[in-house]
Amino acid sequence: MTTSTAKISNEKDVKVLREILERFGISYVVNESPEDYKLSKAQIADFEKTQKEFLEGKSTAKTWDDIKKELNSVYA
């Protein structure tokens, strides 16, 4: 087993790298500091609004498998 470490600051690059690793079936771990998850008041308000709409049945959710199928149909 080989372990590689990379520090990636661009979130888009992290997403691309995750997709590549998943497509090749390579196990990976992403370590992110809690400081990376600070949300603005506007983001929190948007989350709360979306959560309320979901709980009231005004919106639906998709499983991760459904999302991956949609992505694969477009990008595979």
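Quick note: residue numbers are just sequence positions, from 1. In what follows, every heavy atom counts, from backbone to side chain, and hydrogens, waters and symmetry copies are set aside.
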Donor-acceptor contact present, side-chain E70 to main-chain I67, <3.5 Å: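 Here the side-chain-to-backbone pair does not exist.
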
Minimum heavy-atom distance F54-A61, with the two atoms named: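 The answer is CE1-CB, 3.8 Å.
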
Shortest non-hydrogen contact from E22 to K68?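 Here E22 and K68 meet closest at OE1-CD, 4.2 Å.
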
Starting at [atom1] of [X], measure out to [atom2] of [Y] and round the result to the nearest 0.5 Å.
X: K62; Y: K69; atom1: NZ; atom2: NZ; value: 12.0 Å
X: R23; Y: L71; atom1: CZ; atom2: CG; value: 7.5 Å
X: E56; Y: E53; atom1: CD; atom2: CD; value: 7.5 Å

Yes or no on side chain to side chain donor-acceptor pair (under 3.5 Å) for Y75 and E19, after CA distance, side-chain angles and deciding distance? CA-CA 11 Å; Y75 297 107; E19 182 64 29; over 6 Å; no

Student check: side-chain heavy atoms of V14 and N10 closer than 4.5 Å: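 Not in contact.
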
Are any non-hydrogen side-chain atoms of N31 and V29 less than 4.5 angstrom apart?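 Counting from C-beta outward, N31 and V29 do come under 4.5 Å.
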
Within one Ile-Leu-Val-Met-Phe-Trp-Tyr cluster: Y28 and W64, side-chain cutoff 4.5 Å: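 Different hydrophobic clusters.
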
